[in-house]
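A quick write-up on the structure given underneath.
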Amino acid sequence: MPENDSVPGTFDAVPSSAPARALRLGVAGPVGTGKSSLIATVCRALAGELRLGVITNDIYTDEDARFLRSAGVLDPERIRAVETGACPHTAIRDDITANLLAAEDLESDFAPLDVVIIESGGDNLTATFSPALVDAQIFVLDVAGGGDVARKGGPGIARADLLVVNKTDLAPYVGVDVAQMVADATSAREGGPVLALSRTDEASVAQLKAWVRAVLASYRAGEHTAIDPGPMAPHFHAEEGGYTHSHDGSAHTHTH
């Protein structure tokens, strides 16, 4: 709940017009970009002000959930794992049932929650959440993935509510110009918000915290509209001999 600045440690009541459920915030991006560490950063920054819950997605493991529980950022019971058993994007866009049920169970068990963060399994640059699952989404890149990746575009990069360029503290070690990467990302997003983030940089963490709080306030006021970044582009799967997987919104075809 929002902090009452006049009385430290107390919280304002949620407006009576607030939505009946928590804000659902999706976090997506390629493997290794630091999605779990970003979620841990959000939890550390906001757990004293907001009631939070987390759902992680992996294909065959609950490793991300175990990482977050061991980090001590939330009550371990507030961190749930979904094992998708298929391409990570399947459970966040194609068939969101498992994540919807997990979110509803989490909110029922710990009502009221303010924000439920849903982490996609690591995927490619085109991964996006269905607006039927999340109200807003963050797409995460990192400097170690290369300074040119931001300008390659794709639905997640171009149209997520926020693009995060993560692990900026590593830039000197991988030869990346963070300012140029942010400029490329801003251009690819036609001016949409881009945040250069390091969990060791308090100023950037404060910006991330402020963004989450602003989206939550807009959601509670009924002013936030979930935007569909658009279907994923056709992409190649190398496993099982390889096949091209395309998503066109209503039908999902696999061409082997």
Assigning hydrophobic clusters by single linkage (Ile, Leu, Val, Met, Phe, Trp, Tyr; side-chain heavy-atom cutoff under 4.5 Å), is [X] placed with [Y]?
{"X": "Leu106", "Y": "Leu74", "result": "no"}
{"X": "Leu133", "Y": "Val212", "result": "no"}
{"X": "Val140", "Y": "Leu170", "result": "no"}
{"X": "Leu125", "Y": "Val143", "result": "yes"}
{"X": "Val27", "Y": "Tyr219", "result": "yes"}

Any side-chain heavy-atom pair of [X] and [Y] under 4.5 Å:
{"X": "Leu25", "Y": "Ile118", "value": "no"}
{"X": "Pro30", "Y": "Phe139", "value": "yes"}
{"X": "Val42", "Y": "Lys209", "value": "no"}
{"X": "Thr84", "Y": "Thr90", "value": "no"}
{"X": "Arg220", "Y": "Asp114", "value": "yes"}
{"X": "Val215", "Y": "Asp161", "value": "no"}

From CA spacing to verdict: side chain to side chain contact (heavy atoms under 4.5 Å, CB included), Asp135, Arg21
CA-CA 11 Å; Asp135 304 295; Arg21 63 166 177 80; 2.9 Å; yes
Keeping the roles fixed (side chain from [X], backbone from [Y]), state whether a donor-acceptor pair exists under 3.5 Å.
{"X": "Arg78", "Y": "Leu52", "answer": "yes"}
{"X": "Arg24", "Y": "Val115", "answer": "no"}
{"X": "Asp142", "Y": "Gly34", "answer": "no"}
{"X": "Lys35", "Y": "Gly29", "answer": "yes"}
{"X": "Gln137", "Y": "Gly26", "answer": "no"}
{"X": "Thr41", "Y": "Ser37", "answer": "yes"}

Determine the minimum heavy-atom distance between [X] and [Y], stating which atoms define it.
{"X": "Ala150", "Y": "Ile157", "answer": "O-CG2, 3.6 Å"}
{"X": "Phe129", "Y": "Pro229", "answer": "O-CD, 4.0 Å"}
{"X": "Leu197", "Y": "Leu38", "answer": "CD2-CD1, 3.8 Å"}
{"X": "Ala86", "Y": "Ile59", "answer": "O-CG1, 3.3 Å"}
{"X": "Val54", "Y": "Cys43", "answer": "CG2-SG, 4.0 Å"}
{"X": "Val165", "Y": "Thr168", "answer": "O-CG2, 3.5 Å"}

Glu63, CD: over 12 other non-hydrogen atoms inside 6.0 angstrom:
no
Out of curiosity, Glu77 CD to Asp109 CG, how far, rounded to the nearest 0.5 Å?
8.5 Å
Measure the spacing between CZ of Arg66 and CG of Asp58 and express it to the nearest 0.5 Å.
9.0 Å
Just to verify, what does [X] make a side-chain contact (heavy atoms from CB on, under 4.5 Å) with, not counting sequence neighbours?
{"X": "Thr97", "answer": "Asp95, Leu101"}
{"X": "Arg189", "answer": "Ala160, Leu163, Pro193, Val194"}
{"X": "Ser36", "answer": "Asp64, Phe67, Glu119"}

Which pairs, with at least one residue in residues 194-203 and sequence neighbours excluded, count as a side-chain hydrogen bond (donor to acceptor under 3.5 Å, both in side chains)?
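Applying side-chain hydrogen bond (donor to acceptor under 3.5 Å, both in side chains) to every pair that reaches into residues 194-203, excluding sequence neighbours, yields Asp169-Ser198, Ser198-Thr200, Asp201-Ser204.
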Sole candidate of Arg159, His89, Arg93 that passes side-chain hydrogen bond (donor to acceptor under 3.5 Å, both in side chains) when paired with Thr128
Arg93
With a 4.0 Å cut-off, would you call Arg213 and Glu49 a salt bridge?
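Counted as a salt bridge, because a side-chain N and a carboxylate O are separated by less than 4.0 Å.
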Just distance, no hydrogens or angles: give the donor-acceptor pairs under 3.5 Å from side chains in residues 171-182, sequence neighbours left out.
unit_1, atom_1, unit_2, atom_2, d
Asp177, OD1, Ala179, N, 3.1
Asp177, OD1, Gln180, N, 3.1
Gln180, NE2, Asp184, OD1, 2.9

I'd like to know whether Asp75 forms a salt bridge (Lys or Arg N to Asp or Glu O under 4.0 Å) with Arg51, so could you lay out the CA-CA distance, the side-chain angles of the two residues, the decisive distance to 0.1 Å, and finally the verdict.
CA-CA 11 Å; Asp75 174 352; Arg51 296 181 174 95; over 6 Å; no
From the options Leu68, Thr61, Ile39, select the one residue that forms a side-chain contact (heavy atoms from CB on, under 4.5 Å) with Thr56.
Leu68
What pairs with Arg44 under salt bridge (charged side-chain N to carboxylate O under 4.0 Å, His left out), at least two apart in sequence or on another chain?
none
